[in-house]
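In this text, all values refer to a predicted model and were calculated from it rather than measured experimentally. In what follows, chains carry the letters A, B, and so on, assigned in the order in which the sequence lines appear, proteins first and then strands, with residues in each chain numbered from 1.
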Amino acid sequence: MAKNIKARKDDYAQWYLDVIKAAQLADYSPVRGCMVIRPEGFSIWEAIQRDLDRRFKDTGHVNAYFPLLIPQSFLTKEAEHVEGFALECAIVTHSKFEKDADGKLVPAGKLEEPLVIRPTSETMIGHMYAQWVQSYRDLPILINQWCNVMRWEMRTRLFLRTAEFLWQEGHTAHETAAEAEVETLRMLDVYADFASEALALPVVKGRKTDSEKFPGAVTTYCIEALMQDGKALQAGTSHDLGQNFAKAFDIKFTGRDNAIQHAWTTSWGVSTRLIGAMIMAHSDDDGLVIPPRVAPIVAAIIPVFKGDAERETVMAFIKQLVANLVGEAEVASAAKRSSGEIQSYFFDKATDQKVIVDGRDVRSGDKQFHWEQRGVPFRFEVGPRDVAAGVTVMKRRLDRSKESLALADVTADMLRAKLEDLHNVMLAKATAFRDENTREAKTYDELKSILETNGGFVRCYWEPNTAAEAKLKADLKATVRCIPFEQAGTEGTCLHCGKPTKTQVLIAQAY
RNA sequence: CGGGGCGUAGCUCAGCUUGGUAGAGCGCCUGGUUUGGGACCAGGAAGUCGCAGGUUCGAAUCCUGUCGCCCCGACCA
């Protein structure tokens, strides 16, 4: 049992923070609500970026960059949009410091028009698209940007909700409503596929009700994931913006019919929150568990020795083990890199994934815990007894299962297969958890009792209604997470109004 | 932004009620014994007590202000 990590059942929130701290993913910063993403955490973000970026490009998108600062007037052009973001904007009002009579620095150079640090870039990008689009031939525009945004949140939690966070925002403009709709759903699929294929995170695809949709959108689609404490987490959104932003920013073009019309736009995004989702979906009381496809280190090799003689024997064996895993060429190039007692080798340069050898002269238990808490999928243990028998003990982080393998059998292909298998096991486990924690409610009382005793997703008949959803939130702190795409198609009784309806929704308490 | 709690060594905290030389555990450094799931012994370094005022012979301690953090609520990727 990890002594620096609180058990989930005792204090889930503290457990989450302890896991992050123990794995050194992130740290608090001197600035309220802003976190430092440490190398261990950032490399997971890089893996997420690498995979998603590939998927964006595979679907025809290109990357670009737009400014951090947005003129205040832009934000106010779309009525719902400004309404939605006004309360969480950081605003730049001055351009320099001057010394006052006491020699203290005070802001000076007041700006004519305040600038807003982007909470999202629909407005800035809408403004630019208006200039880039003249003809239907200029469409579609399929641009994504990787950047930071800032939302002055009242309460923050590492990765889940920070004032500044990293994300990607895709912004597209289309000739027709139908094309925009297709794009919106395509990107939702990209997100859902990514979540299960890279993060081993099963998600529910659906549509947001009016009370939960993005300010300024016509329709918001989302992927919802379930965390181990039974709370839901919105893991990604894709918005069909209709012509709302096109009208606000004058994105107009001459169509095939020679008539001037407004473009149809979409936007979609996922953020570093995905790291929070990954942590809360997979990790355990021993610390972080990283799904293998985004694991920066796929295996840690742990030498066990006492004294120089044993060390030499063990290291000689490990040298061969490493060569089996990463190849002689990589061993040679790793030798040129400066390294301390922990040597790292690229297992896969395309994904930046590494294998490390922990040569520190500390107790082997320390090393085991060290890499276990950091969520490294596999550990190879090599001690004098193993060397004598010509084997290594391979341990799987997920369940601590272990097997003894002959040196010759440890190969890159073998590890790759183990990683793939692990991915499947983790996805199956998370899927089983989600399914076991998705229940049906036929009455409001039943909904209440499920949310109070079990938590999780509750599926029920529910006619979308803003007032009823406000009451739901006041009563049970729960929200309609989405109207899932998968519908029974049968008719039932709406939980809040008692009328017959075919619409089923997913209700849960959420982060 | 409302309610509550808290700022003392890198971390977790004690000391504050009742003002009088700055403390503990963990971590870190050195040496030794150790090393197959969180070792032990000895020694050592380390803090303008969040910041600014005030009261006082004297403030970590009392008073005022201020900044920040955490928890709960309202708000949210």
Side-chain angles (χ1 to χ4, degrees), chain A residues 1-6 11 13-14 17-18 21-22 27-35 83-89 102 104 118-120 148-169 191 208 211-215 217 220 222-225 232-239 267-277 286-287 302-308 310-311 314 358 360-373 379-389 391-393 395 400 402 404 470 473-474 477 479 510-511:
Chain A
M1 182 60 68
K3 54 189 180 188
N4 53 345
I5 298 175
K6 195 113 180 170
D11 187 345
Q14 190 57 48
L17 294 172
D18 288 347
K21 197 168 188 185
D27 214 342
Y28 291 103
S29 78
V31 181
R32 197 204 82 98
C34 296
M35 67 171 168
E83 182 80 7
F85 284 106
L87 295 177
E88 45 188 286
C89 285
D102 302 328
K104 274 189 179 174
R118 63 183 164 214
T120 179
N148 57 345
V149 291
M150 176 160 272
R151 298 179 188 180
W152 209 260
E153 301 289 355
M154 292 305 145
R155 262 183 74 197
T156 59
R157 294 190 87 182
L158 294 179
F159 290 112
L160 297 181
R161 193 176 305 107
T162 46
E164 179 190 10
F165 58 93
L166 303 183
W167 76 344
Q168 58 71 216
E169 46 180 331
Y191 287 153
K208 287 289 188 193
S211 54
E212 294 280 321
K213 80 173 166 61
F214 178 77
T220 288
C222 63
I223 51 172
E224 291 286 326
L233 183 74
Q234 180 175 305
T237 48
S238 184
H239 314 291
S267 68
W268 27 274
V270 295
S271 71
T272 35
R273 170 179 271 194
L274 285 174
I275 298 175
D286 293 320
I302 299 177
V304 178
F305 56 82
K306 47 188 168 191
D308 289 342
E310 280 190 6
R311 178 184 203 137
V314 166
D358 188 349
R360 292 175 300 158
D361 186 9
V362 298
R363 301 170 80 83
S364 70
D366 285 342
K367 298 197 231 185
Q368 300 276 11
F369 279 105
H370 183 92
W371 300 107
E372 183 164 71
Q373 295 198 330
R379 299 195 297 279
F380 291 97
E381 204 176 316
V382 179
R385 292 204 298 266
D386 304 308
V387 175
V391 300
T392 174
V393 176
K395 290 183 178 172
R400 288 199 182 188
K402 51 181 161 181
S404 187
K473 193 161 188 185
K477 292 183 191 170
T479 46
Y511 277 99

Touch check for A/Gly269, heavy atoms < 4.0 angstrom, all strands: base, sugar-phosphate only, or nothing? nothing

Listed nucleotide nearest any side-chain atom of A/Lys395, set B/G38, B/G36, B/G37: B/G37

Could you check which nucleotide pairs with B/C75 in any of the strands shown, counting Watson-Crick or G-U wobble with both distances under 3.5 Å? none

Please measure how far the P atom in B/G25 lies from the corresponding atom in B/U33, and state the result in whole Å. 25 Å

Given 3.5 Å as the limit, does a donor-acceptor pair link the side chain of A/Glu83 with the main chain of A/Pro215, or not? no

Could you work out which one of B/G36, B/A77, B/G37 sits closest to the side chain of A/Val304? B/G36

For a quick check, tell me whether the side chain of A/Lys402 and the base of B/G37 share a donor-acceptor pair closer than 3.5 Å. no

Between B/G38 (P) and A/Ile302 (CD1): distance, integer Å: 13 Å

With a non-hydrogen cut-off below 4.0 angstrom, is A/Leu274 in contact with a base, only sugar-phosphate, or nothing? nothing

Kindly point out which of B/G37, B/U35, B/C11 is positioned nearest to the side chain of A/Lys306? B/U35

Using a cut-off of 4.0 Å on non-hydrogen atoms, how would the nucleic acid contact of A/Val362 be classed: base, sugar-phosphate, or nothing? base

Starting the side chain at C-beta, find the nucleotide from B/G36, B/G37, B/G73 nearest to A/Lys477. B/G73

Quick one: label A/Glu153 by what it contacts on the DNA or RNA (base, sugar-phosphate, nothing), any heavy atom closer than 4.0 Å. base

Please work out if A/Thr162 contacts a base, only the sugar-phosphate, or nothing of the nucleic acid, heavy-atom cut-off 4.0 Å. base

Expressed in angstrom and rounded to an integer, what is the separation of A/Arg157 atom CZ from B/A77 atom P? 16 Å

Under a 3.5 Å cutoff, is there a donor and acceptor pairing between the side chains of A/His239 and A/Thr220? yes

Taking atom P of B/A39 as reference, at what distance in whole Å does atom NE2 of A/His370 sit? 15 Å

Using the P atom as the point on both nucleotides, what is the distance between B/U12 and B/G53, in whole Å? 28 Å

Both distances below 3.5 Å, Watson-Crick or wobble geometry, any strand: find the nucleotide opposite B/U33. B/A39

Is there a donor N/O on one and an acceptor N/O on the other, under 3.5 Å, for the side chain of A/Asp366 and the base of B/G37? no

What is the separation between atom CG on A/Asp361 and atom C1' on B/A39, rounded to the nearest whole Å? 13 Å

Quick one: A/Arg385 CZ to B/G36 C1', roughly how many Å, whole number? 5 Å

Complementary nucleotide for B/U66 - Watson-Crick or wobble, under 3.5 Å: B/G50

Should the pair A/Asp286-A/Arg400 be classified as a salt bridge under the 4.0 Å nitrogen-to-oxygen rule? yes

Donor-acceptor pair present, A/Gln368 side chain and B/G36 base, under 3.5 Å: no

Regarding A/Thr237, tell me which of base, sugar-phosphate or nothing describes its non-hydrogen contacts under 4.0 Å with the strands shown. nothing

Please report the distance separating the C1' of B/A42 from the corresponding atom of B/U34, rounded so that it comes out in whole Å. 15 Å

Rounded distance in Å - CG (A/Asn148) to C1' (B/A77): 14 Å

Given atom NZ of A/Lys213 and atom P of B/A77, what is their separation to the nearest angstrom? 13 Å

For B/A46 versus B/C11, give the span between their C1' atoms, rounded off to a whole number of Å. 13 Å

Between B/C72 atom C1' and A/Asp11 atom CG, what is the distance in whole Å? 13 Å

Interatomic distance, A/Phe305 atom CZ to A/Glu310 atom CD [nearest 0.5 angstrom]: 9.0 Å

Quick one: look up who B/C28 pairs with, Watson-Crick or G-U, both distances under 3.5 Å, and put none if it's unpaired. B/G44

Both distances below 3.5 Å, Watson-Crick or wobble geometry, any strand: find the nucleotide opposite B/U61. none

Does any N or O donor sit under 3.5 Å from an N or O acceptor when you compare the side chain of A/Gln373 with the base of B/G38? yes

Are the side chain of A/Lys367 and the backbone of A/Asp358 linked by a donor-acceptor contact shorter than 3.5 Å? yes

Could you give the distance separating B/G2 and B/A74 at their C1' atoms, to the nearest angstrom? 8 Å

Paired with B/U17: which nucleotide, if any, by Watson-Crick or G-U wobble criteria at under 3.5 Å for both distances? none

Looking across every strand, which nucleic acid part, if any, lies under 4.0 Å from A/Phe214 by heavy atom: base, sugar-phosphate, or nothing? nothing

Nearest-Å distance once atom P is located in both B/G36 and B/G73: 45 Å

Are the side chain of A/Arg273 and the backbone of A/Trp167 linked by a donor-acceptor contact shorter than 3.5 Å? no

Indicate whether A/Phe369 forms a stack on B/G37; treat it as stacked only if centroid distance is below 5.5 angstrom and interplanar angle below 30 degrees. no

Would you indicate what A/Glu310 reaches in the nucleic acid, counting non-hydrogen atoms under 4.0 angstrom: base, sugar-phosphate, or nothing? nothing

At less than 4.0 Å, is any side-chain N or O atom of A/Arg363 found next to OP1 or OP2 of B/G36? Yes or no. yes

Main chain of A/Cys222, side chain of A/Lys208: is a donor-acceptor contact present, judged purely on distance under 3.5 Å? no

Which is true for A/Arg360 with a 4.0 Å heavy-atom rule: it touches a base, it touches only sugar-phosphate, or it touches nothing? nothing

Rounded P spacing from B/U61 to B/U56 in Å: 16 Å

Are the side chains of A/Lys402 and A/Arg379 in touch, meaning some heavy atoms are under 4.5 Å apart? no

Provide the distance between the two C1' atoms, one in B/G5 and one in B/U48, to the nearest whole Å. 27 Å

